[in-house]
Amino acid sequence: MSSGKRAVKVKTPNGKEMELVPEKAWALAPKGRKGVKIGLFKDPETGKYFRHKLPDDYPI
DNA sequence: ATAATTGT
DNA sequence: ACAATTAT
């Protein structure tokens with residue numbers, strides 16, 4: 001559950017725009033506020049993990 | 001234990 | 001400040 005499904009256009013920490021599937025995806029929102037969705041990605045170029053906002057309609 | 005991720 | 005998550 002809560003794992004990534006579809007690919008997302010993300011900006012890697014090195015500034016490359018690419019489509020990646022998040023290893024994990026979840027909602028990050030305070031109580032009573034809208035918040036955002038966050039994905040955990042691994043840059044295939046460097047192996048570095050990073051987090052990135054997901055589209056609001058991304059399936060969690 | 002902390003950083004980092006967004007928007008209110 | 002607050003929310004969840006997890007690699008570091």
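Quick caveat, the model's predicted, so the values are computed rather than measured. So you know, we letter chains A, B, ... as the sequences are listed, proteins then strands, and number each from 1. Just so you know, these numbers use all the heavy atoms, side chains as well, and skip hydrogens, waters and symmetry mates.
Formation of a donor-acceptor pair under 3.5 Å by the A/Lys37 side chain with backbone atoms of A/Asp56 is found in this model. Side chain of A/Asp43 to main chain of A/Glu45: a donor-acceptor pair is present (N/O by atom type, distance under 3.5 Å, no hydrogens or angles). For the pair A/Tyr58 (side chain) and A/Lys5 (backbone), a donor-acceptor distance under 3.5 Å is present.
Closest approach of A/Pro22 and A/Val8 over heavy atoms only: CD-CG2, 4.4 Å. For the pair A/Leu20 and A/Phe50, the tightest heavy-atom approach, listed with the atom from each and the gap, is CD1-CZ, 4.0 Å. Between A/Trp26 and A/Ile60, the shortest heavy-atom distance links the atoms N-CD1, 3.7 Å.
Look at CZ on A/Phe50: it is 25 Å from P on B/dT2, rounded to the nearest Å. To the nearest angstrom, P of B/dA3 lies 22 Å from CZ of A/Phe41. Atom NE2 in A/His52 sits about 10 Å away from atom P in B/dG7, given to the nearest Å. C/dA1 atom P lies 15 Å from atom CG of A/Leu28, rounded to whole Å.
Connection of A/Tyr49 to A/Ile38 is established within a shared hydrophobic cluster, with ILVMFWY side chains joined at heavy-atom distances below 4.5 Å, either directly or through further cluster members. In the hydrophobic clustering of this structure, A/Leu54 groups with A/Met18; members are Ile, Leu, Val, Met, Phe, Trp, Tyr whose side-chain heavy atoms approach within less than 4.5 Å, directly or through other members.
Remark: A/Pro30, A/Arg33, A/Val36 in residues 29-36 of chain A come within less than 4.0 Å of DNA chain B through at least one heavy atom.
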Table of protein N/O atoms under 3.5 Å from nucleotides 6-8 of chain C N/O atoms:
unit_1: C/dT6; atom_1: O4'; unit_2: A/Arg51; atom_2: NH2; d: 3.1
unit_1: C/dT6; atom_1: O2; unit_2: A/Arg51; atom_2: NH2; d: 2.6

